[in-house]
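Note that these values count all heavy atoms, side chains included, but never hydrogens, waters or copies made by symmetry.
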There are 2 protein chains.
Amino acid sequence: MLLEAIEHRPKLNWAYTVDKETVHLRIRTKKNDVERVFVIGGDKYAWDRTKEETAMRIFATDALFDYWECEVKPPYRRLKYGFRLESGSEKVWMNEDGFFNEELPTFDDFFEIAYINPEDILTTPDWAKNAVFYQIFPERFANGDSSRDPENVQPWGGKPEVDSFFGGDLEGVRQHLDYISDLGVNAIYFTPIFKAPSNHKYDTEDYMQLDPHFGDIDTLKKLIAECHERGIRVLLDAVFNHSGKTFQPFVDVQEKGEDSQYKDWFHIREFPLGVKDGMPTYETFSFEAYMPKFNTGHPEVKKYLLEAARYWIGEIGFDGWRLDVADEVDHRFWREFRTIVKEANPEAYILGELWHEATPWLQGDQFDSAMNYPFTYATLDFFAKGKTDAQKFSHSIATQLARYPEPVMQSAFNLLDSHDTPRALTIAEGDKNKLKLSAAFQLTYPGTPCIYYGNEIGIDGGPDPDCRKCMEWDESKQDLDLHAFYKKMIALRLEHSALRTGSFDFLHAEKGGSVVVYRRQDESGTFIVALNASEKEQSAEVGIEVKGEAKNGAGQQNGEGGSWSVLYAGGADTESKSEGSLSANGGKLTIALPAYGYAVLRAE
Amino acid sequence: MLLEAIEHRPKLNWAYTVDKETVHLRIRTKKNDVERVFVIGGDKYAWDRTKEETAMRIFATDALFDYWECEVKPPYRRLKYGFRLESGSEKVWMNEDGFFNEELPTFDDFFEIAYINPEDILTTPDWAKNAVFYQIFPERFANGDSSRDPENVQPWGGKPEVDSFFGGDLEGVRQHLDYISDLGVNAIYFTPIFKAPSNHKYDTEDYMQLDPHFGDIDTLKKLIAECHERGIRVLLDAVFNHSGKTFQPFVDVQEKGEDSQYKDWFHIREFPLGVKDGMPTYETFSFEAYMPKFNTGHPEVKKYLLEAARYWIGEIGFDGWRLDVADEVDHRFWREFRTIVKEANPEAYILGELWHEATPWLQGDQFDSAMNYPFTYATLDFFAKGKTDAQKFSHSIATQLARYPEPVMQSAFNLLDSHDTPRALTIAEGDKNKLKLSAAFQLTYPGTPCIYYGNEIGIDGGPDPDCRKCMEWDESKQDLDLHAFYKKMIALRLEHSALRTGSFDFLHAEKGGSVVVYRRQDESGTFIVALNASEKEQSAEVGIEVKGEAKNGAGQQNGEGGSWSVLYAGGADTESKSEGSLSANGGKLTIALPAYGYAVLRAE
Ligand SMILES: [Ca+2]
Ligand SMILES: [Ca+2]
């Protein structure tokens, strides 16, 4: 066994509590190096009576490693544990001190979950695990109230520039709730709507006021109420890393300099405020002089921002916050933020904008979830760009699954694109087949998928500002086939819990290949999804015996080795179909896919 | 290169901020596998202008791995970074996505310290890094006021039983401050002194009252004032995991059952309270019915305990808290605890009782340090028990050094024994030579050493209650040679900052060997410590060229390759000496050590 590859540490993604009784344990070994792993666990105060062995199963495999997992329910909420790894006749025991060739005489140096405290349980909102989001950039979605249009408003549908305004507003969103409901999504994520000079509103002027071009508080309340009536949750963007330049306290510092009572609200390097050699004399987001960074350690700043955090959730009824530039704000601030927001609404969803590994924010004390850009890159590299093969894609996904605790993965915000990136369709060089496959994966993968407004009807766009085009409301200019595809995939996801929170296993992802097949499974059913990312017909044969007992208890299902209904299938130049069935033979199922084909199957 | 062995993750011990400008980065590689490692870092918003390479150095090596470290000072407090690893002509680049055989075209997937926020800097009190502690179990140190003796008090010096009382008190400690000062320690750690029925006081009856057998508040204030006058800090034990059975709210629940207003202060499984089949019907510490576990998530419990935490620091003047059974209390509680304690005294030292890996508590948001039992085991296994060889010992120490951020290691509470373990002398089977070597290591190693009362005069004792014997005040029964040894080693440590916070490198620790030689170094000087854990004379030849630039900037020092003064040396049956010098020859220094010999050298 390659001992150097074996990794386990207390807490993090390796050992965490999911409810008052349950601990998830994980360990990493070199790929194909270890045949069996067991957890030896018990209560340290009653070892002999409680000692128990639990077999682990491989739940993910990437380029270098196998990742093993099991669930343990310690009888007295305390767990002392070590591992035994076996390969052929070789046995290795592991505790916190390292590796041993014989069974350890004591459990003294075992790892430990000292006590499962309810306060430390890693929970994320159930609704988020079951949501399909629709992201709206309010200035560009719909103009429902032209009396509120900014000056110099451009005709709807024009080419967006960095500073153009098209008059989109909240009333426009409200008027199109039928469209949104019809698409089938059950949550909306709004980029910022507070008063701000720019069209994107990431340069807030007042955290307690709506932007007057977007509407007034009554329009907003009406919009939220109508969303909630339709079962649609509403998430709002919070820009707590920096304010805008017209934010009153910052205006005060600009005017009064060192005499301003607000001078410690920001990080000022030198008075008077200005830009010297291209560099602001105060800390900013990036080097943007119009986005001064908050001193979030200052008690008054905290009080102001945390009151805003509470108000919009507790009094106005938003269902959560998406936190802009979340990684540049201190952890202390976010911990207090979580406490206040969850007090206002225990079911609020807290989503951090984090482009890289987010573990330090996802331990249960700060965010529920992160913008899952690593998902974005892996998905688009394979389906949209053809940059990776099926095996590499499956490895990227496995690495991600292993990196985070399960409740975090199940509410990870899985996006293909956003107002900050080129549109997926443009990354796919306009090929809608590739967009469809990317979306098919997004909508059948665990987590919280989010569709950027207009993707569903074929809107394209390069980097900002081009990715912020106006929504197309002329049906003759909408891609209705694409829309129908999105609608069907969303409906399938919302109909079948296994496609949301079921277990996830790759069944087929070969080196050099372009087909991936994976299984989603829970107590309600077993599903297979097959996706062909190439312009050629392909066929994949997959073994469908159950590899190990699924964690949720679903095991070999009736018919799993037998008949499979085709719930939805299609491909390039192929009429989508949602009927027919396939039969497995000797535990093998052969799935034929047309060019850019997709198929969602269900065990009969 | 063995890619499976390479480990780096954001934050934790791998990437942390030590001040507003400085980041420490670390990476792990297979032992002897990689020749050079470089960090490629820069500001993501000004990459081309700020990109810089920094060479890493190996700062620790254990059985399987080399651990590399470097310091980076990002110009705008933001750091995006990746690694380049080199071995011969092989080059490997590493970012968050894995390993690559060629230079990465972009830094998009690099690791990231998004922003150095002052609130997230990992600081521990400077005084703790420079302290030598003396642990006092008040009931057994000195009886200074017999008017306060408990009933049934036993004659001083009798055999301790689980429930015996000998009448020790705070006035007794005060009367012996000259003794404590003379020994040279500059901090005292008191096990609990709050009102409680037992002799150990871990079953608190009232968190706001001293135990009347120990003294009143005036005695305590006088004691603290006199300690502070002598430059001695005072640390107090806090038992916030559980109360005692006579704690008034728990008495109330015992009496009133479900009608008690305090019923949610504890975790009650079943009313009425009792013990059923040997198991309390409420959660406890271990299965001890007299130690009911607090519900530290309950707001009133928090308020009560946190007020106690504030009061004894802010109003009475204790310099910190040692937290009993710290790992069984929730992280939220400890975060609030830290905020309140550091508000009361920013220099307060927060020390958790954690017997195992303590990383989850040592990220700057909870504790400053942990009871370093892994240090205890490694040290005693080698010096006292002869269970390990020099190489294995050096590996255990290296693993520990690599596991924690530097500020945490520098305030790690390094003990040989405590009221919870057998005495080190007893573990060494009464061999004072072995105790001396253990203490010599303890007192020349980074961290916060703590001497359990009486070790310095030869008190022995097996497991609790035997390790809680009365202090011996009859000089004719004290081991004065041992006392002189302790006094000299403490004085050396406090005289030379390098022995406290300087860098630490093993120079000699061979497989099967019993001699370890290590270097401590800072800008004030370079020291070598040599310890021979065998009953035979041994000699060690060590290379004393500087292996890399020390992190604190101390490099090749004048005379380092040349002459070395013997500051202190001795061994079994050998008169201790503190004079003489040794000369290196061609970068090699030969150190001869008698049986159980020790030597502390300083570069001239
Ligand atoms: Ca409008
Ligand atoms: Ca007394």
More than 12 heavy atoms from other groups under 6.0 Å of NZ on A/Lys392: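 Result for NZ/A/Lys392: open.
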
Heavy-atom distances under 4.5 Å only: say whether [X] touches chain A with side chain, backbone, both or neither.
X	value
B/Ile6	neither
B/Glu283	side chain
B/Asp108	neither
B/Ala46	both
B/Thr17	neither

At a 4.5 Å cut-off on heavy atoms, which part of [X] comes close to chain B: side chain, backbone, both, or neither?
X	answer
A/Ile116	neither
A/His395	neither
A/Asn295	side chain
A/Arg77	side chain
A/Asp62	neither
A/Phe99	side chain
A/Thr399	neither
A/Leu2	side chain
A/Tyr377	side chain

Any residues in residues 332-339 of chain B near chain A, with a heavy-atom distance under 4.5 Å, and which are they?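 If one takes a 4.5 Å heavy-atom cut-off, the residues of residues 332-339 of chain B near chain A are B/Arg332, B/Arg335, B/Thr339.
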
Max heavy-atom pair count under 4.5 Å with chain B, selected residue of [options]:
options	value
A/Ala114, A/Ala358, A/Pro374, A/Pro118	A/Ala114
A/Asn117, A/Thr359, A/Val325	A/Asn117
A/Lys293, A/Lys30, A/Gln363	A/Lys293

Ignoring hydrogens and angles, tell me if any N or O in the side chain of A/Ser396 forms a donor-acceptor pair with the backbone of A/Ala378 under 3.5 Å.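 No; judged by distance alone, with no hydrogens or angles, the pair does not exist.
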
With distance as the sole test, does A/Thr50 use its side chain to make a donor-acceptor pair with the main-chain N or O of A/Asp43 at under 3.5 Å?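 At least one qualifying donor-acceptor pair exists.
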
Please report the shortest heavy-atom distance between [X] and [Y], naming the atom on each side.
X	Y	answer
A/Gly98	A/Phe100	O-CE1, 3.6 Å
B/Asp324	B/Asn241	O-CB, 4.2 Å
A/Tyr404	A/His356	OH-O, 4.1 Å
B/His8	B/Ala15	CE1-CB, 4.1 Å
A/Val23	A/Leu79	CG1-CD2, 4.2 Å
A/Thr296	A/Val301	CA-CG1, 4.2 Å

On the 0 to 90° scale, with breaks at 30° and 60°, tag the B/Tyr45-A/Phe285 ring pair as parallel, tilted or perpendicular.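 If you compare the ring of B/Tyr45 with that of A/Phe285, the planes turn out perpendicular.
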
Only one of B/Tyr81, B/Tyr76, B/Phe107 forms a ring pair (Phe, Tyr, Trp, His ring centres under 6.0 Å) with B/Trp47, so which one is it?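 For B/Trp47, the ring pair (Phe, Tyr, Trp, His ring centres under 6.0 Å) check succeeds only for B/Phe107.
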
For chain A, the option from B/Ser286, B/Gly297, B/Pro360 that forms the most heavy-atom pairs under 4.5 Å: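 Max contact count across the listed options: B/Ser286.
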
Identify which one of A/Arg9, A/Lys44, A/Lys11 satisfies the salt bridge (charged side-chain N to carboxylate O under 4.0 Å, His left out) criterion when paired with A/Glu112.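 Only one of A/Arg9, A/Lys44, A/Lys11 forms a salt bridge (charged side-chain N to carboxylate O under 4.0 Å, His left out) with A/Glu112, namely A/Lys44.
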
Is A/Arg28 paired with B/Glu7 through a side-chain N to carboxylate O contact shorter than 4.0 Å?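 Salt bridge between B/Glu7 and A/Arg28, a charged N being under 4.0 Å from a carboxylate O: yes.
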
Can a side-chain donor-acceptor contact be found between B/Thr388 and B/Asp381 if the only test is distance below 3.5 angstrom?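 B/Thr388 and B/Asp381 do not have a side-chain donor-acceptor pair below 3.5 Å.
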
Determine, for B/Phe287 and A/Arg78, whether the Lys NZ or Arg CZ falls below 6.0 Å from the six-membered ring centre while staying within 45 degrees of the axis.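 Verdict for B/Phe287: a cation-pi partner in A/Arg78.
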
